[in-house]
Amino acid sequence: MDKVKILGISGSSRKGSFNSALLRAAADLLPERAGLEVADVSGLPLFNQDRESDPPEEVKRLKQQIRESDAILFATPEYNYSTSALLKNAIEWANRPSSDNAWDGKPAAIMSASTAARGGARAQLHLRQIMVDLNMFPINRPQVYVANAREAFDSELRLVDERYRATLKGLLAALVEWADRLKARQAEIPLNA
Ligand SMILES: Cc1cc2nc3c(=O)[nH]c(=O)nc-3n(C[C@H](O)[C@H](O)[C@H](O)COP(=O)(O)O)c2cc1C
């Protein structure tokens with residue numbers, strides 16, 4: 001079977017970001033037949049609809065990375081009960097123009113880490129709502145909300161909490177299985193048929 005190509009995107013550009021660290025932990029916990037590439041969206045300019053038909057090179061590259069992947073793995077911080085502007089900005093660029101939505105039909109998983117007790121649960125819900133418009137297909141379970149992130153990661157930003165490691169491993173296995181199922185189905189019935 002072909003390797004399942006997962007594209008990871010962190011919604012934080014902070015040097016010590018727990019969400020970017022969560023993506024690094026995911027790279028360690030992948031099923032053998034999956035690979036993870038991480039797209040850096042921290043340098044994208046702010047979305048401007050005047051440029052959607054002829055976007056900057058880094059946006060074209062991002063859209064190509066999305067198209068070449070079999071599944072998307074979002075790691076979102078929670079800012080003011082929502083996802084971050086950084087992630088939303090990347091989402092907007094790759095969603096436009098509407099005839100060229102790179103997210104269309106992609107299987108996906110969401111995870112989040114927060115220094116607070118809710119672990120980013122509200123950001124995940126907002127992101128799910130956005131994904132309806134993108135026509136993405138996120139899995140529902142297991143849910144990876146890393147709460148009190150300062151305790152779940154060590155000083156080198158390694159995910160050390162075994163319960164979260166186990167749940168994250170389950171999320172990745174479920175994502176790979178979901179990507180396989182959608183791909184097989186899509187071969188039978190194309191999404192835009
Ligand atoms: C502008 C701002 C708003 C935040 N709002 C929330 C919030 O609504 N809920 C929450 O759990 N944490 C909130 N936090 C704390 C973040 O979850 C925490 O800073 C987290 O570490 C950010 O992710 P990162 O480590 O990947 O950068 C907020 C932080 C910032 C800077």
Side-chain angles (χ1 to χ4, degrees), residues 6-30 34-48 58-59 61-62 65-66 69 71-95 103 106-134 136 138-172 174-175:
I6 301 175
L7 185 68
I9 302 179
S10 169
S12 173
S13 57
R14 199 169 68 83
K15 227 182 295 158
S17 163
F18 293 117
N19 285 283
S20 302
L22 204 48
L23 277 180
R24 291 194 292 277
D28 263 2
L29 297 167
L30 283 179
L36 177 71
E37 180 191 356
V38 174
D40 180 3
V41 298
S42 62
L44 300 184
L46 272 182
F47 176 72
N48 180 337
E58 54 267 49
V59 171
R61 194 160 53 245
L62 172 66
Q65 283 178 300
I66 295 166
S69 71
I72 306 294
L73 177 61
F74 287 121
T76 181
E78 180 166 300
Y79 284 175
N80 312 113
Y81 285 21
S82 185
T83 192
S84 62
L86 187 82
L87 183 54
K88 184 67 163 49
N89 186 52
I91 287 172
E92 288 166 10
W93 273 121
N95 175 222
W103 308 108
K106 286 283 168 194
I110 312 172
M111 54 188 187
S112 56
S114 157
T115 47
R118 303 275 181 266
R122 293 158 298 210
Q124 289 205 20
L125 284 177
H126 255 188
L127 186 51
R128 272 181 193 279
Q129 186 180 334
I130 292 164
M131 287 160 96
V132 174
D133 184 51
L134 302 174
M136 295 182 81
I139 55 172
N140 296 322
R141 290 201 181 84
Q143 299 175 338
V144 177
Y145 305 113
V146 178
N148 305 313
R150 287 190 193 91
E151 289 151 36
F153 292 86
D154 69 10
S155 58
E156 316 249 277
L157 292 173
R158 284 179 300 231
L159 182 65
V160 286
D161 186 309
E162 286 302 331
R163 287 164 312 163
Y164 287 131
R165 289 184 73 82
T167 319
L168 176 52
K169 196 171 179 179
L171 179 80
L172 296 165
L175 178 61

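Every heavy atom of this structure was used, including side-chain atoms; hydrogens, water molecules and symmetry mates were not. Fair warning: this is a prediction, and the values are worked out from it, not measured in the lab. We count ligands from 1, going down the list as the structure has it; atoms in each ligand are counted the same way.
- Every atom of ligand 1 with a heavy atom of R14 under 4.0 Å away is listed here by number and element: 21 (O), 24 (P), 25 (O), 27 (O).
- When heavy-atom distances to ligand 1 are checked against a 4.0 Å cut-off, R122 comes that close only through its side chain, counted from C-beta outward.
- To the nearest 0.5 Å, atoms CD1 (I72) and CE (M136) are separated by 5.0 Å.
- Residue contacts with ligand 1: N80 is placed with a nitrogen or oxygen under 3.5 Å of a nitrogen or oxygen of the ligand (distance criterion only).
- Under 4.0 Å from ligand 1, heavy atoms of E78 appear from its side chain as well as its backbone.
- Side-chain atoms of K106 come within 3.5 Å of backbone N or O of I66 as a donor-acceptor pair.
- For ligand 1, the atoms sitting less than 4.0 Å from at least one non-hydrogen atom of P77 are 22 (C), 23 (O), numbered in the order shown with element in parentheses.
- Of all the atoms in ligand 1, the ones that sit under 4.0 Å from a non-hydrogen atom of N19 are 23 (O), 24 (P), 26 (O).
- At a heavy-atom distance under 4.0 Å, only side-chain atoms of S12, from C-beta outward, approach ligand 1.
- Taking every heavy atom of S17 and a limit of under 4.0 angstrom, the matching atoms of ligand 1 come to 24 (P), 25 (O), 26 (O), 27 (O).
- The main-chain N or O of G8 is never found under 3.5 Å from a side-chain atom of E37 such that the two would form a donor-acceptor pair.
- Side-chain N or O atoms of N80 include none that pairs as donor or acceptor with a backbone N or O of S82 at under 3.5 Å.
- Side chain to side chain, Q124 and S112 meet the donor-acceptor criterion of an N or O pair below 3.5 Å.
- The atoms of ligand 1 that sit less than 4.0 Å from any heavy atom of S114 are 10 (C), 11 (O), 12 (N), 17 (O).
- The distance criterion of under 3.5 Å between nitrogen or oxygen atoms is met by F18 with respect to ligand 1.
- Judged purely by atom type and a 3.5 angstrom limit, N19 has no side-chain atom pairing as donor or acceptor with the backbone of S10.
- Using modelled atom types, one finds no donor on one side chain facing an acceptor on the other under 3.5 Å when comparing S13 with S42.
- Of the listed residues (F153, Y79, Y81), the one carrying the non-hydrogen atom nearest atom 3 (C) of ligand 1 is Y79.
- Contact atoms of ligand 1 toward A116: 11 (O) (distance under 4.0 Å to a heavy atom of the residue).
- At the top of the distance list for atom 18 (C) of ligand 1, counting protein heavy atoms only, stands T115 OG1, 3.5 Å.
- Remark: side-chain polar atoms of W93 are not paired, donor with acceptor, to backbone N or O of L44 under 3.5 angstrom.
- For the pair D161 (side chain) and E151 (backbone), a donor-acceptor distance under 3.5 Å is absent.
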